[in-house]
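These values consider heavy atoms only, across backbone and side chains, with no hydrogens, waters or symmetry-generated copies.
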Amino acid sequence: MQNRLLYDYEHDFSKYVDPLLAEKIRLVWESAPAQLGRENKKFLYSAVRKGARARGYEEAIRWLQDAGLILKVNRISKPGLPLAGYEDKDAFKLYFFDVGLLGAASLLDPSVLLEKNALFSEFKGSLTENYVCQELVGQCGIKPYYWSAENSQGEVDFVYAFNNAIMPVEVKAEVNLRAKSLRSFVERYQLEKGLRLSLSGFEEQDWLINMPLYATSLLPEFPAS
């Protein structure tokens, strides 16, 4: 069923736009899963097609956004209010609107999700991030951003504003209680708390709240203050 949906989406591209734009849309659509799996700090046009530039593919990305097929998450330079004022429009990540379709588009055998496989560790994190992004947008009505350091040392998966507070979120695909980048971010910008989503249960520390992944839709109930 998922493969059929993907097939129908791809064939719909050419129904609504001219052939040149349809081809660019298809290339961006196919590139998104692979780029998530590479742990890139941002979406790379060069990974869509050799020599590609933003000017040639911005319309294709916007079309996929308007169609509701991808979620675009921009980088922020620092956590200030409003977050949109610190948005880096040239640095962003693209997520699928549905984590199940992401798995199908990546040709991932469902059994891999249920079995421990060392080869699956990196993309497992990408799938988990996509799930959280999907929940933030669809269930919580939150506009998420992400943060990464200028020197590429350190990254926070998602940052959002709620009730005049800023909440940084780190996503873990395992039972992992380490959050070095998150703690550094909280301390650097003197935030009240950070949130970590993992397979561990609920736990609150002086600077951190750990919530199980299945409770992502409840995030707005845990503002920083």
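For the atom pair Cys140 SG and Glu135 CD, the distance stands at 6.5 Å (nearest 0.5 Å). Atom CD1 of residue Ile25 and atom CD1 of residue Ile61 lie 10.5 Å apart, to the nearest 0.5 angstrom. Distance check, rounded to the nearest 0.5 Å: CE of Met167 to CZ of Phe158 gives 15.0 Å. The distance from the CH2 atom of Trp29 to the CH2 atom of Trp63 is 9.5 Å, given to the nearest 0.5 Å. To the nearest 0.5 Å, atom CG of residue Leu208 and atom CD of residue Glu203 are 7.5 Å apart. The distance from the CG atom of Leu71 to the CG atom of Leu64 is 11.0 Å, given to the nearest 0.5 Å.
Residues forming a side-chain contact (heavy atoms from CB on, under 4.5 Å) with Asn130 (at least two apart in sequence, or on another chain): Leu36, Tyr95, Phe96, Val99, Leu102, Gln134. By the ring pair (Phe, Tyr, Trp, His ring centres under 6.0 Å) test, Tyr214 pairs with no residue at all, sequence neighbours left out. Under the salt bridge (charged side-chain N to carboxylate O under 4.0 Å, His left out) criterion, Lys50 pairs with no residue at all, not counting sequence neighbours.
No salt bridge links Asp66 with Arg62; every basic N to acidic carboxylate O contact stays at or beyond 4.0 Å. Salt bridge present: Glu30 and Arg26 bring a charged side-chain N and a carboxylate O closer than 4.0 Å.
With hydrogens and angles disregarded, a donor-acceptor distance shorter than 3.5 Å links the side chain of Glu170 to the backbone of Leu182. Side chain of Lys93 to main chain of Asn74: no donor-acceptor pair is present (N/O by atom type, distance under 3.5 Å, no hydrogens or angles). With hydrogens and angles disregarded, a donor-acceptor distance shorter than 3.5 Å links the side chain of Lys24 to the backbone of Gly56. Not one N or O on the side chain of Ser184 forms a donor-acceptor pair closer than 3.5 Å with the backbone of Lys180. Side chain of Asn163 to main chain of Ala165: no donor-acceptor pair is present (N/O by atom type, distance under 3.5 Å, no hydrogens or angles). The closest donor-acceptor contact from the side chain of Asp157 to the backbone of Tyr146 lies at 3.5 Å or more, if one exists at all. Between the side chain of Arg75 and the main chain of Ser148, a donor-acceptor pair closer than 3.5 Å is present. Panel note: side chain Arg183, backbone Ser181; no donor-acceptor pair is recorded below 3.5 Å. Put simply, the side chain of Glu129 never gets that close to the backbone of Val171: no donor and acceptor are under 3.5 Å apart.
No side-chain heavy atom of Leu5 sits under 4.5 Å from any side-chain heavy atom of Asp98. The side-chain heavy atoms of Leu219 and Gln139, taken from C-beta on, include no pair separated by under 4.5 Å. Looking at heavy atoms from C-beta onward, Tyr189 lies out of side-chain contact with Ile166 at the 4.5 angstrom threshold. Side-chain atoms of Leu127 and Leu108, non-hydrogen and from C-beta on, do get closer than 4.5 Å to each other. Looking only at side-chain heavy atoms (C-beta outward), Arg196 and Lys172 come within less than 4.5 Å of each other.
Residues Val156 and Val159 share a closest heavy-atom pair of CG1-CG2, 4.0 Å. Across Leu83 and Ala161, no two heavy atoms sit closer than the pair CD1-N, 3.6 Å.
Hydrophobic cluster membership is shared by Phe202 and Leu199, with clusters built from Ile, Leu, Val, Met, Phe, Trp and Tyr side chains linked at under 4.5 angstrom. In the hydrophobic cluster analysis, where Ile, Leu, Val, Met, Phe, Trp and Tyr join through side-chain heavy atoms closer than 4.5 angstrom, Leu94 is grouped apart from Leu44. Hydrophobic clustering of Ile, Leu, Val, Met, Phe, Trp and Tyr side chains at less than 4.5 Å, counting indirect connections, unites Val132 with Val175.
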- side-chain contact (heavy atoms from CB on, under 4.5 Å) between Val48 and Gln35, intermediate numbers included: CA-CA 9 Å; Val48 176; Gln35 295 216 37; 4.1 Å; yes

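Ring to ring, Tyr45 and Phe43 are close: their centroids are under 6.0 angstrom apart.
Partner of Pro79 under the side chain to side chain contact (heavy atoms under 4.5 Å, CB included) criterion, out of Phe185, Tyr160, Tyr145: Phe185 alone.
By the 6.0 Å contact criterion, NZ on Lys72 is enclosed, its count of non-hydrogen atoms from other residues, nucleotides or ligands being greater than 12. Other residues, nucleotides and ligands contribute over 12 non-hydrogen atoms within 6.0 Å of the CD atom of Gln65.
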